[in-house]
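All chains are named by letter (A, B, ...) in the order of the sequence lines, taking the proteins before the strands, and each is independently numbered beginning at 1.
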Amino acid sequence: MEYEAVIGLEVHTELKTNSKAFCGCTTAFGGEPNTHVCPVCLGLPGVLPVINRRVVEFGLKTALALNCQVEPFCKFDRKNYYYPDLPKNYQISQYDLPLARKGYLTITVDGQERVIGITRVHMEEDAGKLIHVDGPDGGYSLVDYNRTGVPLLEIVSEPDLRTPAEARAYMEKLKTILQYLDVSDCKMEEGSLRCDANVSVRPRGSQVLGTKTEVKNMNSFRALQRALEYEIERQIAVLEGGGQVQQATMAWDEARGVTYIMRTKEEAQDYRYFPEPDLVPLEIDGDWIEQVRAGLPELPDARCHRLINDYGLPAYDAGVITSSRALADYFDRVVSLYPDAKVVSNWIMGDFLRLLNAAGLEPGSSPVPPEEMAALLQLQKEGTISGKIAKQVLEEMFATGKGARLVVEEKGLVQISDAGALARIVEEVLAANPGVVEDYRNGKDKALGFLVGQVMKATKGKANPGLVNQLLKERL
Amino acid sequence: MPITTAEVEHVALLARLKLSPGEKAAYTEQLNAILEYMDKLNALDTRDVEPTAHVLPLHNVFRDDVARPGLPRDRALAGAPEASEGQFKVPRVV
């Protein structure tokens, strides 16, 4: 039988505010354990939380960018559980009245565009970090509450995803949008962007949902895709074997490449939500929403369409360039100075990204500013340097941070366009390769390419290729 | 539907309360009495009454996003029964 998977994602993203959600402690990552804490986030008796206005603003930006309906009235609730990652024995979250609902985003997989529904967006606080230590009497756990109370947004998708590749594309798109909005660092490796997946399988074409499992602990895009591939295969194997999928919470083991059961339905959590009496409700009126909407940046889809429509870029190029806001900003700046968008796009997607990735850098921290990238392309266009030399110059600019013109001058890389100087070298090459010259005269056109190559070699790539061709043909 | 002893045991487990058989019986009876009293509310017509989200007539109370120093670590840990390496030390939970 042919099966299809039904996948929904719950994404948590840490908001990059200066202070925590309900107290003034810093949200800085790292720091010595328990040095970013205060009576509020430690849950000491007699304290009162107060919501950070920017948490709501970032939540609204995100909700609007995800095409959600912002609720005119929302409140916070207590999610009760006993686990020492939160010192209060509850997490402040939102339950039945979240910040926003009913949004969507679009993904493109294998050239196919799909609209993925967003069920809800709500605000909550992050938990602390535990280190478990083995020892007698079952060992102990050490708790660091620095991260406790850092604001989170939880973004829940509809079960609209059908393949691991779609789930990954959704997650990547969400990350791109959050980065455009500048509301989160989105560093999966530091835990500022996290994802849980609800997944089930059913016979293709069926409208009935199968029993689902929840998969946790996927700390990269690759882990998300691999974990889902594994879990879908596992569920299908269970069904094919005549068994039934057990409702459970699973964890992904990256090293072993398997999912394993963390807890079953019988052990499911019972959070006993109730309204948080320490925080008053929020009323978000149309004026506030319009104010936030007016401040939204150009979002990835709109920007991608602009690059296609205004610059005539291929959809692929536009997709790559707009996958990062910093890269798209870089592109726009270079094109404003050197208005041949396709040439700029080729350089950015090719050598520029290759050098950035090799150096482990983000586009925003490139040692080659956009002005110098434009200057390099200008030097090539003027014929001062050849395309091949331009690549060398870019590498040197990356390594040293020097400007394009300076590198060309210092390294003596100016293209030889002096016909007299080149003619001498051309004569030498012809004299040294009589056989090849003969071949060319007998109709072997390819022989010309060899002779051009020899001239380039003799000039260390600095000869003007057009001129070399012309000079050779004159003499052959 | 009356509360059963099993439900009292479940709630006690969630709240990390250890109840004796006598307490279980007593709480089962008390909880049922409370819910019975609450049932009187069902006799009222509340169609036009908004659910209460908060007892205070306030909304939109914010603080500005300004970070300030918290507690020195020794004070943060002062109330902990046990601490080690600058961290709270608790019985292992997983």
Problem - A:T26 and B:R68: side chain donor to acceptor below 3.5 Å - result: no
Practice task
For atom NZ of A:K16, decide whether the heavy atoms of other residues, nucleotides or ligands shown that lie under 6.0 angstrom number more than 12.
Solution key: yes
Problem - More than 12 heavy atoms of other groups within 6.0 Å of B:Y27 OH - result: no
Using heavy-atom distances under 4.5 Å, tell me whether [X] contacts chain B through its side chain, its backbone, both, or neither.
{"X": "A:P84", "result": "side chain"}
{"X": "A:Y145", "result": "side chain"}
{"X": "A:E276", "result": "backbone"}
{"X": "A:L42", "result": "side chain"}
{"X": "A:F76", "result": "neither"}
{"X": "A:P39", "result": "both"}

Taking all non-hydrogen atoms of both residues, which atom of [X] and which atom of [Y] are closest, and how far apart?
{"X": "B:L77", "Y": "A:N34", "answer": "CD2-ND2, 4.3 Å"}
{"X": "B:R63", "Y": "A:F22", "answer": "NH1-C, 3.9 Å"}
{"X": "A:P275", "Y": "B:A53", "answer": "CB-O, 4.0 Å"}
{"X": "A:C25", "Y": "B:G70", "answer": "SG-CA, 4.5 Å"}

[X] side-chain N/O to [Y] backbone N/O, donor-acceptor pair under 3.5 Å:
{"X": "B:D65", "Y": "A:N52", "result": "no"}
{"X": "B:H54", "Y": "A:P277", "result": "yes"}
{"X": "B:N60", "Y": "A:E283", "result": "yes"}

Top residue by heavy-atom pair count (under 4.5 Å) with chain B, among [options]?
{"options": "A:L282, A:L142, A:N80, A:L279", "result": "A:L142"}
{"options": "A:C23, A:C38, A:G139", "result": "A:C23"}
{"options": "A:E32, A:R272, A:K20, A:K75", "result": "A:R272"}

Practice task
Drop me the distance from B:L14's CG to A:Y81's OH, to the nearest 0.5 angstrom.
Solution key: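 Between atom CG of B:L14 and atom OH of A:Y81 there are 14.5 Å.
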Are [X] and [Y] close enough that some pair of their side-chain heavy atoms sits under 4.5 Å apart?
{"X": "B:F62", "Y": "A:V56", "result": "yes"}
{"X": "B:V61", "Y": "A:I51", "result": "no"}
{"X": "B:Q87", "Y": "A:I131", "result": "yes"}
{"X": "B:V66", "Y": "A:N18", "result": "no"}

Handout entry: Sidechain N-carboxylate O distance under 4.0 Å for B:R92, A:D134
Key = yes
Exercise for the section: Go through B:H10 and A:D270 one step at a time and tell me if the side chain to side chain contact (heavy atoms under 4.5 Å, CB included) criterion holds. Expected result: CA-CA 10 Å; B:H10 178 62; A:D270 180 345; 3.1 Å; yes
